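Working notes for the structure below.
So you know, we letter chains A, B, ... as the sequences are listed, proteins then strands, and number each from 1. Remember, predicted model here, so these are calculated numbers, not experimental data.
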Amino acid sequence: MGAEVLSMSIDSMFVHKMWNDNELSKMVDGGVPFPMLSDAGGKVGTVYGVYDENAGVEARGRFIIDPDGVVQGYEVLTPPVGRNVNETFRQLQAFQLVRETAGKEATPSGWKPGKQTLKPGPDLVGKVWEVWKTEQAFD
Amino acid sequence: MAEKAEVGCARPTGGPVGEEPVKTPQDTPKTIKEVRGMIKVGQKAPDFVSPGYQKGEFINIKLSDYLGKWVLLCFYPGDFTFV
């Protein structure tokens, strides 16, 4: 899909190795393919606003960063609830489409690859209701 | 006496207990801690360097080395947690 994944927690790289070798490699053939980064002390997490000083850990923050190094979107969840990887892919594909069309196309609510995009411009003002129906927001 | 820890998704933490240490004027921080809000979309991702592990190697990663590529940066509470 053309994106590099970086994971980060306050664990040391030695613990990352143990977790990968002893558990994750049993879930994923060959182990984790992407870099598992260590943020001891939560310094990076603090800058990104996901480090919880009281708990000493980082929330499930996920940041989509574009090729210019700009944050296009993020999501932050408390620890007990896992992410939706498909939604992350969908957003990534949407941001990629917007970038490839240099903003000539935008993705309305519920968009996913293959669905209709909108072409923002003077002609579309007040006319979205004609070209886009609310049912399209749902699967 | 040891107390059985409850199982949960957050990492158990401890801290000092008992009497609060007596505060002397020197304990007052001289500089006000910078207040940080959430980072904003549409702005540059703060750059960082981090040690890490990937496929049998210990490595160092710098975010700005990834300029020109899309990056998914994912934080999580800790290794060996359940979710």
Is there a chain of hydrophobic side chains (I, L, V, M, F, W, Y, each step under 4.5 Å between heavy atoms) that links [X] to [Y]?
{"X": "A:Val128", "Y": "A:Val125", "answer": "no"}
{"X": "A:Trp132", "Y": "A:Trp111", "answer": "no"}
{"X": "A:Leu92", "Y": "B:Leu67", "answer": "no"}
{"X": "B:Val49", "Y": "A:Met13", "answer": "no"}

Quick one: which of [options] has the most heavy-atom pairs under 4.5 Å with chain B, could you say?
{"options": "A:Gln96, A:Met18, A:Lys43", "value": "A:Gln96"}
{"options": "A:Val50, A:Val81, A:Leu24", "value": "A:Val50"}
{"options": "A:Gly45, A:Ala59, A:Gly61", "value": "A:Gly61"}

Any side-chain to backbone donor/acceptor pair from [X] onto [Y]? Under 3.5 Å, distance only.
{"X": "B:Asp79", "Y": "A:Trp19", "answer": "no"}
{"X": "B:Tyr53", "Y": "A:Val15", "answer": "no"}
{"X": "B:Gln54", "Y": "A:Pro33", "answer": "yes"}

Spatial distance of atom [atom1] ([X]) from atom [atom2] ([Y]) [nearest 0.5 Å]:
{"X": "A:Asp39", "Y": "B:Phe75", "atom1": "CG", "atom2": "CZ", "value": "6.5 Å"}
{"X": "B:Cys74", "Y": "A:Leu6", "atom1": "SG", "atom2": "CG", "value": "8.5 Å"}
{"X": "A:Ser7", "Y": "B:Leu72", "atom1": "OG", "atom2": "CG", "value": "11.5 Å"}
{"X": "A:Glu4", "Y": "B:Trp70", "atom1": "CD", "atom2": "CH2", "value": "13.5 Å"}
{"X": "B:Lys55", "Y": "A:Lys17", "atom1": "NZ", "atom2": "NZ", "value": "14.5 Å"}

* Asked: Checking side-chain contact (heavy atoms from CB on, under 4.5 Å) for the pair B:Phe48/A:Met8: CA distance, chi angles, key distance, verdict?
  -> CA-CA 12 Å; B:Phe48 60 81; A:Met8 185 174 276; 3.4 Å; yes

* Aromatic rings A:Phe14 and B:Phe58: how do their planes relate, parallel, tilted or perpendicular, breaks at 30° and 60°? ->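 It falls in the perpendicular class, over 60°.
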
Contact origin within [X] toward chain B - heavy atom pairs under 4.5 Å:
{"X": "A:Ser25", "result": "neither"}
{"X": "A:Asp52", "result": "neither"}
{"X": "A:Glu58", "result": "both"}
{"X": "A:Val5", "result": "both"}

* To do: Heavy atoms only: give me the nearest A:Pro35-B:Tyr66 pair and the separation to one decimal.
  =>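 Closest pair (atom of A:Pro35, atom of B:Tyr66, distance): CG-OH, 4.0 Å.
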
* Any idea which heavy atoms bring A:Ile10 and B:Pro77 closest together, and the distance? -> CG1-O, 4.2 Å

* **Residues of residues 62-78 of chain A with any heavy atom under 4.5 Å of a heavy atom in chain B** =>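 Listed by number, the contacting residues are A:Arg62, A:Phe63, A:Ile64, A:Ile65, A:Asp66, A:Pro67, A:Asp68, A:Gly69, A:Val70, A:Val71, A:Gln72, A:Gly73, A:Tyr74, A:Val76.
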
May I ask you to check whether over 12 heavy atoms, not counting those of [X], lie within 6.0 Å of atom [atom1]?
{"X": "B:Lys69", "atom1": "NZ", "result": "no"}
{"X": "A:Phe89", "atom1": "CZ", "result": "no"}
{"X": "A:Lys133", "atom1": "NZ", "result": "yes"}

* With sequence neighbours left out, what residues match A:Pro120 under side-chain contact (heavy atoms from CB on, under 4.5 Å)? ->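 With sequence neighbours excluded, A:Pro120 shows a side-chain contact (heavy atoms from CB on, under 4.5 Å) to A:Ala106, given in chain and number order.
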
* Side chains of B:Tyr76 and A:Asp11: do they bring a donor and an acceptor to under 3.5 Å? ->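 Absent: no donor and acceptor within the cut-off.
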
* **Residue among B:Ile39, B:Ile61, B:Ile59 with most heavy-atom pairs under 4.5 Å to chain A** =>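 With the most close heavy-atom pairs to chain A, the winner is B:Ile39.
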
* Asked: Of the listed residues (B:Pro51, B:Gly56, B:Ser64), which shares the most heavy-atom pairs with chain A below a 4.5 Å separation?
  -> B:Pro51

